[in-house]
Amino acid sequence: KAGVTQTPRYLIKTRGQQVTLSCSPISGHRSVSWYQQTPGQGLQFLFEYFSETQRNKGNFPGRFSGRQFSNSRSEMNVSTLELGDSALYLCASSSEGGPYEQYFGPGTRLTVT
Amino acid sequence: EDQVTQSPEALRLQEGESSSLNCSYTVSGLRGLFWYRQDPGKGPEFLFTLYSAGEEKEKERLKATLTKKESFLHITAPKPEDSATYLCAVQVISSNDYKLSFGAGTTVTVRA
């Protein structure tokens with residue numbers, strides 16, 4: 001089975017711009033979660049989508065949004081980028097009904113200048 | 001609030017020198033505790049899931065154990081390729097909430 005894929009792998013954006021990141025989960029997985037990883041804050045949960053519905057949301061501002069499509073692929077959008085948004089954005093997928101392990105993609109490295 | 005604390009922050013080992021990493025947690029109700037390995041610039045790689053106190057899981061030189069308040073990841077006779085950051089995460093029992101809450105990680109360096 002192919003793993004979780006994320007595109008693009010690297011992005012450089014300017015403050016004030018917006019960005020869209022994409023994630024394709026493992027085949028058959030219906031849950032997709034997004035995490036932000038920074039050296040100072042570690043891994044922090046952004047949101048989770050299941051069957052095209054946002055099921056959970058972390059403590060991030062409304063500039064961070066996402067969606068999931070009928071094929072379970074997910075996108076994450078960040079509007080009005082700030083320097084502090086520079087991070088590794090990780091997507092993880094899991095199957096319905098447990099055992100709840102989440103499998104991560106390689107991440108998208110976003111640099112905001 | 002759920003808390004996950006890992007110690008030590010960093011661990012430098014000689015090849016073959018066994019050691020243990022600690023993950024202590026304070027949660028309202030544990031659904032599962034997860035161990036991941038992360039190499040620089042890559043996403044976390046799933047290692048183990050532990051569900052109840054007393055449970056143990058092994059994979060090659062790694063063994064994970066769980067008590068009611070903490071988990072240990074034992075590395076037996078490590079090799080340089082075991083160098084990585086090891087992350088612990090918990091998932092709490094809550095309707096429709098499956099997010100992982102991560103510790104800060106332990107960075108392990110194994111010297112040949």
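Just so we're on the same page: letters track the sequence lines, and every chain starts at 1.
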Between atom CD of Gln91(B) and atom OG of Ser94(A), what is the distance when rounded to the nearest 0.5 Å? 7.5 Å
Asn59(A) atom CG, over 12 foreign heavy atoms within 6.0 Å: no
Nearest heavy-atom contact between Phe34(B) and Glu101(A) is CE2-CA, 3.8 Å
With hydrophobic residues grouped by side-chain heavy-atom distances under 4.5 Å, do Leu33(B) and Leu21(B) end up in a single group? yes
Find out whether Gln102(A) and Phe46(B) are in side-chain contact, i.e. whether some heavy atom of one side chain is under 4.5 Å from a heavy atom of the other. no
Could you look at Phe47(A) and say if it's the side chain, the backbone, both or neither that has a heavy atom under 4.5 Å from chain B? neither
Nearest 0.5 angstrom please: Phe104(A) CZ to Leu87(B) CG, how far? 8.5 Å
Does Leu81(A) belong to the same Ile/Leu/Val/Met/Phe/Trp/Tyr cluster as Trp34(A), with side-chain heavy atoms less than 4.5 Å apart forming each link? yes
Ring centers of Phe45(A), Phe102(B) separated by less than 6.0 Å: no
Tell me if the CZ atom of Arg9(A) is crowded by more than 12 foreign heavy atoms within 6.0 Å. yes
Under 4.5 Å heavy-atom distance to chain B, tell me which part of Leu90(A) shows up: side chain, backbone, both or neither. side chain
Take atom NZ in Lys69(B); do more than 12 heavy atoms of anything else shown fall under 6.0 Å from it? no
For residues 37-45 of chain B, which side-chain donor-acceptor pairs fall under 3.5 Å, sequence neighbours excluded?
unit_1	atom_1	unit_2	atom_2	d
Arg37(B)	NE	Asp39(B)	OD1	3.4
Arg37(B)	NE	Asp39(B)	OD2	3.4
Arg37(B)	NH1	Glu81(B)	O	3.1
Arg37(B)	NH2	Asp39(B)	OD1	3.1
Arg37(B)	NH2	Glu81(B)	O	2.8
Arg37(B)	NH2	Ser83(B)	O	3.3
Gln38(B)	OE1	Gln37(A)	NE2	2.9
Gln38(B)	NE2	Gln37(A)	OE1	2.9
Gln38(B)	NE2	Lys42(B)	O	2.7

